[in-house]
Every structure is written in structure tokens, then in C-alpha cells.
4 protein chains.
Amino acid sequence: MGLVGTQSKQRVPRAVRERQMLDAAVATFAKRGYRAASMDEIAVAAGVSKPLVYLYLHSKDELYSACVRREAEALQAAVRAAVEPGAPADRQLWSGLLAFFEHTAAHPDGWAILYSQARTVGEPFAEEVAAMRAEIAEFVRALIGAAAADAHCDPVLADREVAGLAHALVGAAESLAGWGAAHSGRENAATLMNFAWSGLANLMRGGRWEPSAR
Amino acid sequence: MGLVGTQSKQRVPRAVRERQMLDAAVATFAKRGYRAASMDEIAVAAGVSKPLVYLYLHSKDELYSACVRREAEALQAAVRAAVEPGAPADRQLWSGLLAFFEHTAAHPDGWAILYSQARTVGEPFAEEVAAMRAEIAEFVRALIGAAAADAHCDPVLADREVAGLAHALVGAAESLAGWGAAHSGRENAATLMNFAWSGLANLMRGGRWEPSAR
Amino acid sequence: MGLVGTQSKQRVPRAVRERQMLDAAVATFAKRGYRAASMDEIAVAAGVSKPLVYLYLHSKDELYSACVRREAEALQAAVRAAVEPGAPADRQLWSGLLAFFEHTAAHPDGWAILYSQARTVGEPFAEEVAAMRAEIAEFVRALIGAAAADAHCDPVLADREVAGLAHALVGAAESLAGWGAAHSGRENAATLMNFAWSGLANLMRGGRWEPSAR
Amino acid sequence: MGLVGTQSKQRVPRAVRERQMLDAAVATFAKRGYRAASMDEIAVAAGVSKPLVYLYLHSKDELYSACVRREAEALQAAVRAAVEPGAPADRQLWSGLLAFFEHTAAHPDGWAILYSQARTVGEPFAEEVAAMRAEIAEFVRALIGAAAADAHCDPVLADREVAGLAHALVGAAESLAGWGAAHSGRENAATLMNFAWSGLANLMRGGRWEPSAR
DNA sequence: TATGAATGAGTTTTCATTCAT
DNA sequence: TATGAATGAAAACTCATTCAT
């Protein structure tokens with residue numbers, strides 16, 4: 001006794017324990033989903049007793065919210081850190097996408113919580129996730145807007161159209177992140193840029209695909 | 001007694017009852033999510049007793065699977081019916097997208113089950129949904145491949161690249177279907193075509209966006 | 001099989017089951033108190049499973065409220081049935097007290113719920129009990145008022161004074177009911193009448209005990 | 001450091017800390033009831049950590065018992081101090097009642113513990129309270145007995161009858177203390193004396209109310 | 001003297017599912 | 001075909017209590 005590692009009831013500072021719990025919760029929620037994950041399982045995964053989880057995180061809802069907040073902030077931080085503010089719009093978009101795919105590939109459980117699980121309607125944290133998604137979409141929207149301004153694009157794009165494009169791009173990225181977990185972030189980012197960028201460029205030049213256009 | 005409308009415990013043919021139950025289940029699952037929806041609530045919504053639901057649909061899982069199957073088939077049928085086999089690829093894509101957006105807008109509960117709810121991992125029907133999604137992606141992939149062949153596109157697109165594009169397109173459509181519920185299917189479809197088609201066209205011509213391209 | 005009494009899972013009509021549950025709940029709450037009584041124990045005492053208790057009575061709170069309501073109504077009915085409306089006030093009071101003591105002696109558990117347990121502050125049914133007590137006090141107050149009017153009592157008794165007397169009488173009766181559970185209702189009623197009635201009579205004649213009166 | 005008021009973990013003598021804890025416990029038990037009050041809440045209210053409460057008071061039960069004991073002794077001391085041993089019986093009763101009502105009005109939380117909460121059967125301190133109540137009743141019984149002896153009351157009152165009267169009086173006082181919290185102790189005491197004393201006097205003179213007495 | 005960290009045991013409540021008719 | 005009656009199993013959450021410092 002007295003040796004490091006001999007602890008039976010480890011005494012660990014609160015901050016550390018909270019991180020352990022969040023780690024365990026993210027993994028468990030990712031694996032099972034919100035409703036199917038039990039507090040019991042999370043506590044076991046965290047290596048503590050259930051009451052301690054409640055003492056620190058208060059409820060299943062708050063625990064999930066804390067997970068979502070942490071993972072969303074990490075993702076946003078990664079993307080934001082990657083983007084060089086002064087660079088041309090396509091460069092910015094590329095950097096952002098690259099960071100996005102690399103982060104989600106590196107943190108699949110966090111991504112599962114943000115994407116697959118948290119969409120679930122009816123749960124009390126739905127707005128937390130919706131807000132994060134809206135923020136990301138707005139970020140992309142601003143990028144597209146800036147690019148359009150750069151290009152002096154003539155038949156100005158309607159706001160609603162830009163917003164729609166942003167949502168489409170976000171959805172495409174999310175889908176690729178899920179599908180392409182096995183592929184490198186660079187490949188995914190390139191796919192999306194190829195897919196989207198010349199479409200955007202064309203749009204900005206005033207070109208439009210017309211349904212009647214045979 | 002015996003008069004039409006006087007019976008309280010109606011004897012209704014099995015097929016009709018089953019449809020009532022599926023309707024109620026789809027609505028309830030869409031509103032609450034799989035776990036949160038209770039068989040009690042579904043039975044009440046269907047206007048029958050719980051044992052009858054079990055008699056016909058056997059279990060919550062099977063019930064949900066039946067819902068997913070029905071809604072997935074309806075969506076696929078709608079898309080397939082809209083596409084003219086002989087038409088040029090862009091025309092086919094346009095028709096498919098239009099049908100997709102119109103169907104999801106017309107059946108938001110069905111769409112919620114396919115998209116939001118059913119993604120939830122860990123649930124036993126996850127594969128049902130994944131399969132449907134894969135089928136749709138494959139359909140799109142085939143379209144793109146056909147278009148590429150049409151265009152005699154020279155630096156042949158890698159299979160993996162085409163699949164990635166297909167997934168991106170599907171994700172973009174899904175995202176738009178959720179975001180743009182308020183907008184007309186035609187608008188959404190146009191947005192996506194503008195967004196995606198010239199990118200594809202450009203790709204087929206061998207143009208590529210390059211990260212190094214400053 | 002087929003013999004009466006061979007049931008393993010008895011099928012009993014809802015009304016009967018509800019009464020069984022209320023009986024068990026009254027006994028258990030009386031023995032343990034509201035918080036200390038567990039739904040498990042009540043279910044076992046009622047000879048059913050816990051879910052059935054919840055199916056019929058919805059929650060511990062509602063269950064307790066139902067108990068209080070039932071016992072309060074029974075007590076009030078017993079007292080009210082015993083009082084002859086036209087009789088002189090002392091006669092009415094006597095009959096009421098007698099019925100009160102006999103009923104509480106015959107239903108000690110019900111009385112425990114109304115008196116000992118239900119006074120507990122902080123519980124959500126407190127007002128239910130307070131209301132019943134107020135109703136009884138009001139009934140007595142009316143009796144005293146009527147007696148005073150009968151007696152043409154001269155220095156009219158202040159309303160507040162009458163109300164105070166009524167509360168004192170109720171408290172005395174409650175105390176006796178608890179203490180004198182072993183004694184006959186008739187004895188208890190006589191004790192109270194002797195204790196209280198000539199005091200009232202004296203008051204009505206204008207006599208008052210004065211603190212200064214050595 | 002070392003300056004008065006600078007310490008955060010105050011070193012306070014045991015006696016003082018114990019009083020703080022009892023004060024907090026009395027207030028909390030009064031507000032929530034025995035079961036609903038948590039040791040956590042009490043510790044917070046006392047401004048100390050939970051282990052310290054256990055160090056000094058050992059368990060929830062013992063803590064509650066200590067509260068009951070302290071409040072009961074304070075009430076008894078107040079009543080006893082007010083009664084002049086040599087005075088005539090009615091005078092003694094008057095002084096005791098007055099002190100009782102004034103003390104309970106001044107210490108409503110203490111009274112709540114003794115009266116409302118502690119009656120709860122099934123809890124391990126029930127006897128503590130019952131003992132106190134018995135002691136008070138005995139005190140009153142002695143007073144009545146003395147008065148009867150004073151009055152050379154002829155048809156000697158049976159012991160059981162005197163005890164019953166004492167209990168009735170105590171219950172009346174308790175009821176008034178709860179109902180009449182808003183009224184002055186003097187008013188309440190006067191109400192009771194008027195209510196009870198002439199009844200007692202009459203009894204002692206051999207007068208009895210008879211059920212048959214129409 | 002004083003406390004942050006930790007838990008075993010128990011609570012109320014819900015739900016998918018079945019039996020007897 | 002249809003249902004009222006019934007339950008096993010498990011979930012979220014709380015609490016009195018103790019250990020290590």
C-alpha cells in the first residue's frame with residue numbers, strides 16, 4: 001500500500017473526474033444513442049458510481065448537453081483555427097473543409113453525437129444542436145457571400161439562394177463525414193471542393209442550370 | 001344494434017387495420033422518436049387496443065421496421081416513377097430531385113422516420129435504413145456514371161470518386177429537405193442542380209480544383 | 001383447474017382492485033407514514049404488482065390523496081348521518097361527537113391518515129387535509145352559533161371567539177380519539193361534553209373567566 | 001492571514017457549532033418534515049460540511065432526537081417557569097396556558113417539530129415525542145386533580161376521567177396553537193380558559209351533562 | 001476542527017409484452 | 001377479430017453515510 005496505483009477508492013480532483021465522465025458519456029451516447037444509453041452504463045464506463053455522475057452532472061439531460069457543448073466547441077474551434085481570415089474565399093473554404101473532415105475523422109464519437117444522435121426530435125437538447133448547426137451554416141454562408149462579392153458577380157445571388165447553397169454544402173459535408181470515415185480528410189475535402197466549387201463559380205458568373213434546358 | 005355505425009367494437013378487415021396502425025405509428029415515431037414513443041400511445045392513436053397491435057405487428061421493433069419499409073418504398077417509388085429512363089443524365093437527375101423534394105415535403109413524418117430518427121445507431125432497424133440510403137446513393141452513382149460515359153470524359157473518374165460525389169449529393173439533398181421544408185420542391189431542386197451540376201460537368205471535362213491553386 | 005380459487009393471476013374487475021389497493025395503501029400509510037411507505041410495500045399488501053397500482057392510481061401522491069379523500073368522506077358521512085337536524089344544539093353536538101369517536105375507533109388507520117400523517121407540512125396533499133379539517137371546524141362552529149342563538153345569549157359572542165371555541169373542541173376531540181382509542185366512544189364523547197358544554201353554556205350566559213379573577 | 005474575519009475555514013468551539021447545526025436542523029425539519037429534509041440541506045443551512053454534522057450528531061435520527069429534546073425542554077421550561085406553585089389551580093392553569101401559547105407563537109419551528117412532524121408514526125423518535133406529550137398531560141392532570149382536591153369535590157372524579165380531561169385540554173391547546181398562530185397568546189389562553197374552566201368547575205360540583213338530558 | 005470525494009442501497013416511475021376471455 | 005387485466009425488468013434519480021486528508 002502506498003504505491004501508486006494501489007488505490008481502491010481513488011480520490012481524484014473534480015475537474016479530472018468530470019472529464020473522465022464526459023469521455024465515457026460521449027462514447028456511450030455515440031454507441032447506443034441518447035435514450036438507449038443508461039446512466040448505469042455510463043458510470044461503469046467512467047469507472048465511478050452513479051451517484052457521483054449525478055453529483056457532478058446533475059441529470060441525463062444536462063450530461064448530454066455538456067457532451068454536445070464540448071464536442072461542438074471542439075469542432076468549431078478546429079474549423080475556425082484552420083481558416084486564414086485574409087485568404088481568398090476558395091482557399092478559406094478548402095481549409096475549413098479539410099479541418100472539418102480531419103476533426104470528425106479523429107473524433108468519430110463526438111461527431112456521432114453531433115450528427116446522428118442529436119438530430120433526434122423530441123429530446124430536450126435538440127435546440128443545442130440545431131443552434132450549432134445554424135452557426136456552421138451561417139459561417140459557410142458568409143464565405144459564399146464573400147466569394148460572390150469578390151467576384152463582382154453580376155446577377156446578384158438572392159440571400160435565400162445563398163442560404164440554400166450553404167445548407168446543401170453542410171449536408172454534403174456531413175454525409176461525406178459519415179460515409180467517408182474510412183477515407184482521408186484530404187480526399188473528402190477535395191471531393192467536396194470539386195463537387196461544389198465550380199458549381200458556385202458558375203453560378204457567380206451568372207450561369208444557371210435550367211430545367212427546360214435540354 | 002346491427003345498424004351501421006352502431007357497433008362499438010368494429011370488426012375491420014386486417015389490411016385496413018394494419019394501415020391505421022402504421023399511420024399512427026409513423027406519426028408517433030416521427031413526433032417522439034423511437035425510444036420515446038410508447039406502444040400505448042401508438043395504440044391509442046390508432047384507435048385500437050394494445051394487444052391488437054401486437055397481434056398484427058408482433059413487436060415494437062417489427063412495427064418500426066414496417067414503418068421504415070413502407071415509407072422508404074414510397075419514397076423510392078416516387079423518385080423512380082419520376083425519372084425517364086431514356087432522358088439525358090442531367091434531365092434524369094433533375095426529375096429525381098424534384099420528385100424527392102416533393103415527396104418529402106408532402107410526407108414530413110415519413111421523412112422524419114427515414115432521416116432523423118432512423119439514423120440512431122444501436123437500434124435494431126438501423127441496417128434497414130442504411131440499406132435504403134445505400135440504394136439511393138447507388139442510384140445516383142449510376143446516374144453520374146452514365147453521364148460521365150455520355151460525355152466520354154477523358155481522365156476517367158475513379159469509382160471511389162463517383163461514389164463520394166453521390167454521397168455528397170444525397171447528403172445535400174437530405175439537408176435541404178430538412179431545412180427547406182418551407183420552400184417549394186422546385187426551388188430546392190433548382191438550388192441543388194445549380195450547386196452540383198456544373199461542378200460535375202466541370203469534373204467530367206477534366207477540370208479540378210487544386211488545393212495549391214492560390 | 002377451473003375450480004373457484006384456483007386463479008394464479010386473478011382477473012378482478014377494476015373497481016374491486018382499486019378498493020383493494022386503497023385498503024392496502026391506507027393500512028400501509030397509517031403504519032409507516034407517507035414518505036416511509038414504499039409503493040412496493042403497498043403493492044405487496046394489495047396482492048398485486050406495482051405497475052398495476054400505477055396504472056390505476058397514477059402516482060404516490062394521487063394514491064395518498066385518494067386515501068385521504070375516501071377516509072375523510074367516510075368520516076364526514078358518519079358524523080353527518082348521526083346528527084338530527086332539528087334537535088337541540090347540545091343533543092346534536094353529542095350525537096356528532098359520539099359518531100366521531102365511534103367511527104375513528106372503528107377505523108384507526110383512516111384516522112391515522114387524516115390526523116397524524118396528513119398534517120405533515122411540505123407534502124402536496126396537505127391542503128386536502130386542511131380543507132377537510134376546516135370543514136369539520138365550520139360544522140362545529142355552526143352548531144355553537146346555533147346554540148348561542150337558541151339561548152338568546154346576550155353579550156353576543158364574537159365570531160372569532162366562536163371560531164376559536166370550535167377549533168379548541170375539534171382539537172380536544174382529535175386528541176381524545178388518539179389517546180382514547182382503547183376507550184369506548186361513549187366515554188370519550190361524555191368526557192368531551194362534560195368538559196366543554198358547561199363552559200359553553202356559561203359563556204352564553206355572559207359568564208367569563210377573567211385572568212384577574214383570583 | 002490570522003486576522004479576524006480572514007479565515008475561511010473557521011475554527012469554532014464545539015458548543016457553538018452544535019447550536020448552529022441544531023438551529024438549522026430545526027428550521028429545515030419544520031419546513032420539510034423528517035423524511036423530506038436531507039442532511040445535505042441541513043449542512044448547507046448550518047454553513048458547515050456534512051461530515052461535520054455526522055461528527056457531532058452521529059445520524060439523522062439522533063439529530064432529530066436532539067432537536068425534539070431541545071425544543072421540548074425549552075417549551076416545558078417556559079411553561080414551568082410561568083406557573084406559581086402556591087397559586088390557586090385556575091390561576092396556575094391560566095399562567096401555564098399563557099406561557100404555552102406565547103412560547104409556541106415565538107418558536108413556530110420548534111412547535112412544528114413537536115406537534116406536526118413528530119407525530120408521524122413509524123419514525124424512531126416517535127416515543128421521544130410521545131413521552132413529552134405524556135409529561136405535559138400529566139402536569140395538567142395534576143393541576144386538575146389539585147383543583148378537585150381544593151374544591152373538596154364530592155363525587156370524586158375517576159382517575160381515568162381526569163386523565164381524559166387533561167388530554168382533551170392539551171389537544172385543544174395544541175389545536176389552538178396551530179390555528180391561532182395569528183392571534184395573541186393572551187387571546188388564545190382566554191378562549192381556552194373560558195371554554196374549559198367552567199366545564200371543569202361544573203364537573204367538580206358534581207354537575208354532569210347527560211346524554212338523556214333533552 | 002474540518003472537508004472534498006465517493007458510494008450502497010433504495011426510491012418512484014415507465015414500458016414492452018402477455019394472458020384469459 | 002378484439003380487449004381489459006396484469007406483470008417482469010429496468011430506468012432515472014436520491015440519500016444517509018463514510019473515507020482520506
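So that the names make sense, note that chain A is the first sequence line, chain B the second, and so on, each numbered from 1.
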Give every donor-acceptor pair under 3.5 Å between a side-chain atom in residues 67-74 of chain C and any protein atom, sequence neighbours left out.
{"unit_1": "C:Arg69", "atom_1": "NH1", "unit_2": "C:Glu128", "atom_2": "OE2", "d": "3.2"}
{"unit_1": "C:Arg70", "atom_1": "NH1", "unit_2": "C:Asp23", "atom_2": "OD1", "d": "3.1"}
{"unit_1": "C:Arg70", "atom_1": "NH2", "unit_2": "C:Asp23", "atom_2": "OD1", "d": "2.7"}

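Close to E:dT1, at under 4.0 Å from its OP1 or OP2, lies no side-chain N or O of D:Arg17.
Summarising the geometry, the separation between CG on D:Leu57 and C1' on E:dA2 is reported as 15 Å, rounded to the nearest angstrom.
In DNA chain E, the stems built from three or more successive Watson-Crick or G-U pairs (distances below 3.5 Å) are E:2-21 with F:2-21.
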| request: Mark up nucleotides 10-16 of chain F, 5' to 3', with B wherever a protein heavy atom is under 4.0 angstrom from a base atom, S wherever such an atom reaches only the sugar-phosphate, and - elsewhere. | output: -SSBBBS

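Cation-pi geometry between D:Lys60 and D:Tyr34 is satisfied (NZ or CZ under 6.0 Å from the ring centre, within 45° of the ring normal). Judged by the 6.0 Å and 45° rule, D:Arg14 forms a cation-pi pair with D:Tyr56.
Take A:Ala45 and apply the side chain to side chain contact (heavy atoms under 4.5 Å, CB included) test, not counting sequence neighbours, and it matches A:Ala24, A:Thr28. Applying the side chain to side chain contact (heavy atoms under 4.5 Å, CB included) test to A:Val44 and every residue at least two apart in sequence or in another chain returns nothing.
When heavy atoms are screened at a 4.0 angstrom cut-off, A:Arg14 is found touching the sugar-phosphate backbone but no base atom.
Applying the salt bridge (charged side-chain N to carboxylate O under 4.0 Å, His left out) definition to pairs two or more places apart or across chains, those involving residues 37-46 of chain D are D:Arg32-D:Glu41, D:Asp40-D:Lys50.
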| task | Test side-chain contact (heavy atoms from CB on, under 4.5 Å) on C:Met21 and C:Ile42 and set out the steps. | result | CA-CA 8 Å; C:Met21 289 177 192; C:Ile42 292 172; 5.9 Å; no

| request: Take D:Leu22 and D:Leu63 through the side-chain contact (heavy atoms from CB on, under 4.5 Å) test and state the conclusion after the steps. | output: CA-CA 8 Å; D:Leu22 284 181; D:Leu63 173 56; 3.9 Å; yes

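Closest-nucleotide positions on DNA chain E for D:Leu52 and A:Tyr56 were compared, and the one nearer the 5' end corresponds to D:Leu52. Mapped onto DNA chain F by nearest heavy atom, C:Gly47 and B:Leu55 fall at different nucleotides, with B:Leu55 at the one closer to the 5' end. Position along DNA chain F of the nearest nucleotide to C:Ser49 versus B:Val12 favours B:Val12 as the more 5'-ward residue.
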